[in-house]
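Scroll down for the structure; my scribbles are underneath it.
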Protein chains: 2
Amino acid sequence: MARVGDEGGTAGPARSAGVKDVAARAGVSLGTVSNVLNRPDRVSARTRERVEQAMAELGFVRNESARLLRAGRSSTLAYVMLDATNPFFTDVAQGIERAAEQADLSLFLCNSDQSAERERVYLTRLQEQRVQGVLITPVDPDEPLLDEVVRQGTPVVIVDRVRDVDSHCSVAVDDVLGGRLAIEHLVDLGHQRIAFVGGPERIGQVRDRRRGAQAALADAGLPADALVEVRTEALTVSEGRNAGERIAGMPSATRPTAAFCANDLVALGLLQSCVGLGLRVPDDLAIVGFDDIEFAAAAAVPLTSVRQPRGQLGRRATELLLDEATNPDHRHEQVLFTPELVARASTRRS
Amino acid sequence: MARVGDEGGTAGPARSAGVKDVAARAGVSLGTVSNVLNRPDRVSARTRERVEQAMAELGFVRNESARLLRAGRSSTLAYVMLDATNPFFTDVAQGIERAAEQADLSLFLCNSDQSAERERVYLTRLQEQRVQGVLITPVDPDEPLLDEVVRQGTPVVIVDRVRDVDSHCSVAVDDVLGGRLAIEHLVDLGHQRIAFVGGPERIGQVRDRRRGAQAALADAGLPADALVEVRTEALTVSEGRNAGERIAGMPSATRPTAAFCANDLVALGLLQSCVGLGLRVPDDLAIVGFDDIEFAAAAAVPLTSVRQPRGQLGRRATELLLDEATNPDHRHEQVLFTPELVARASTRRS
DNA sequence: GGCACGGGTTGAAACCTTTCAATCCAACGA
DNA sequence: TCGTTGGATTGAAAGGTTTCAACCCGTGCC
């Protein structure tokens, strides 16, 4: 087919055809074309066919901007993810996608990559595009723009973070309980000196998971200094490796016999560097991660981890968002899922 | 602030304010508000301030649909990814994002999740939204809709797949060479019986990588049956595990001494199940993966892999897309990057 | 034969922003 | 004083779709 308008041919015109052109070609009115597009049942079969053929011939592509301008709301959702390279978030995204698909909505993913600035840019664009709603794992749950967006009419659901205020729905996992489960498991195995590997401090998850860990230690009658802090700059594999070197470097008398990591990326990095430096896992160092990403089980020393129901998280968040978008007497809700410990070789009693 | 319009207050109105409302409140004309938005230098400081204040007071959110309708092209790109949970693609996406950010464009990610149907839905929506351009790793590079989209005026660049036709730009890695590098490495280490683990057959990558492998074997003077086919249903971790069980089940006399996997997910699964089944890596089975995703290095037996320049792939693809979108005498280009073997413990001579 | 009914179709108005030619006005030079 | 200049501002028109009240006309009923 040709690329520029050749009158009478069957190719598309130079500048894309609109409903008007389609109407002219099919010999019907604008309104009818629109009906074919939006309420095909109201149009007689014969007319519909003619219109559809005209569309095909002209290569008609509906102009979403114009549609939206007139019709109000779009049929897309967006998930602003904190880190697209962390499998945890892509699994959450998959849960969202499935739920969105069922509701016949498209999902756009936006990666803030931990940058508050990029997050703001995305939020603004999404607002300007009048998306049905936004799911977000925010860099900082207290970001004021989040409230602003809601106030201006775009529903926002917070995923994997909690917020005390009731201006949004949120869906998260009980991180304190998760920390508790990890430590109880290690204590059961006889560990009395346990590293907590995570940071930076400003991440709520890190604080909550540590808090759960501390509480569990206290309940077990162990002193507070049974938990050895090993700080990381971020929750990444390379920071985990880094932490591993520090732990391996400790004199064996004072070295912890187990490590609880704030997430699986850190745990995998830790695992890797320990093995590389001659520490046996779990004999010299037992390791517990958090999230239970797929790669945790696939590590050659499969990783014990605290599982979050990732898909569920996404699914439930989407349901809340849709309710908020469509149900006039929607009530905000803070959903808290319960994590679960999955024991694997990295903490096996040997 | 209140949520419904309270005359004279400072809160936003019930239904969001438009430029008209802003103009009224600031005591200027429509055009001036638009100028503040689009050509702030043409507006006197005093007026600009007044307008900006009015915007803030009314909680004005620019309506992108209306803007687009009038102004033509949007300032967003989209990357339709084949599998958002495969770290390879998220790394590519990150490269794209960086390049897009530099050009002051937003990037939306869409996950086709290997479904041709979903891919089509996304392509159509993106077209309807008049995005600047689309980057895509297609389920099937021969999908006719890809040509259709281009013909109708939306630039499309194909990422990580090649296509003989010249209707798009494409950016990929020389998979044949990659396969060759992997096998040459294994042959150098003395392996004479090597499994090729991958599938399904319809994936171009699988075919090309095998082709390279075969060529390298031939060059080394080894018979064609030195390459043992181990088919997978998909390039996933669980399929890799599956393949591992089959390999471990072979009688040790005929079992390959090395495996070349079509990607790292498969290799990680293979690694995991081999270790679990008592096969030592690399002593009993050396393993080479493909992609060199971060988790390859982080595996407890760090994985030898064929590295693809993932970020580069994304960056270059974006540059091509922007050129196509802006440069009137753009020429389509097929870029082929060179892969590189990264040797790690999974093939170390012991 | 007249009338009510209703499915199918019509076309003008509305959605909100950007654009651009026209206008305004203050300052300046002659 | 008048004309000119140029920066600031104006407002009508345009952009493509959806909506909705109105209309048309064939059918069935009384």
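Here is how names work: the chains are called A, B, and so on, in the same order as the sequence lines, proteins then strands, and each is numbered from 1.
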Can a salt bridge be assigned to the pair [X] and [Y] using a cut-off of 4.0 Å between side-chain N and carboxylate O?
| X | Y | result |
| --- | --- | --- |
| Arg25(A) | Glu57(A) | yes |
| Glu319(B) | Arg316(B) | yes |
| Asp41(B) | Arg48(B) | no |

Discussion item. Check this for me: Arg39(A), atom CZ, are more than 12 non-hydrogen atoms of other residues, nucleotides or ligands nearer than 6.0 Å?
Written reply: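 Enclosed.
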
Worksheet item: Starting at the 5' end of DNA chain D, which residue's closest nucleotide do you reach first, Ser34(A) or Gly27(B)?
Response: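 Upstream on the strand: Gly27(B).
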
Worksheet item: Would you say the side chains of Gln127(A) and Thr154(A) form a donor-acceptor pair under 3.5 Å?
Response: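 No donor-acceptor contact under 3.5 Å links the two side chains.
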
What's the [atom1]-[atom2] distance between [X] and [N], to the nearest Å?
| X | N | atom1 | atom2 | answer |
| --- | --- | --- | --- | --- |
| Asn35(A) | dA22(D) | CG | P | 17 Å |
| Asn38(B) | dC20(C) | CG | P | 12 Å |
| Phe60(B) | dT18(C) | CZ | C1' | 12 Å |
| Asp41(A) | dG8(C) | CG | P | 9 Å |
| Arg42(A) | dC24(D) | CZ | P | 20 Å |
| Leu30(A) | dC20(D) | CG | C1' | 14 Å |
| Lys20(A) | dG15(D) | NZ | C1' | 9 Å |
| Asn63(B) | dT17(D) | CG | C1' | 13 Å |

Look at all strands and tell whether [X] reaches a base, only sugar-phosphate, or nothing, counting heavy atoms closer than 4.0 Å.
| X | result |
| --- | --- |
| Leu68(B) | nothing |
| Gly18(A) | sugar-phosphate |
| Ser44(B) | sugar-phosphate |
| Thr47(A) | sugar-phosphate |
| Val28(B) | sugar-phosphate |

Discussion item. Quick check on dA13(D): is either OP1 or OP2 less than 4.0 Å from any side-chain nitrogen or oxygen of Arg70(B)?
Written reply: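 The answer is no; no side-chain N or O of Arg70(B) sits under 4.0 Å from OP1 or OP2.
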
Worksheet item: Within the structure, does a side-chain N or O atom of Arg48(A) lie under 4.0 Å from either OP1 or OP2 of dG8(C)?
Response: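 Result: no.
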
Discussion item. Can you identify which nucleotide, out of dA14(D), dT9(D), dC15(C), has its nearest atom closest to the Thr32(B) side chain?
Written reply: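 Of the options given, the side chain of Thr32(B) lies nearest dT9(D).
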
Worksheet item: Considering heavy-atom distances to DNA chain C, does Leu69(B) or Arg39(B) have its closest nucleotide positioned more toward the 5' end?
Response: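 It is Leu69(B) whose nearest nucleotide is closer to the 5' end.
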
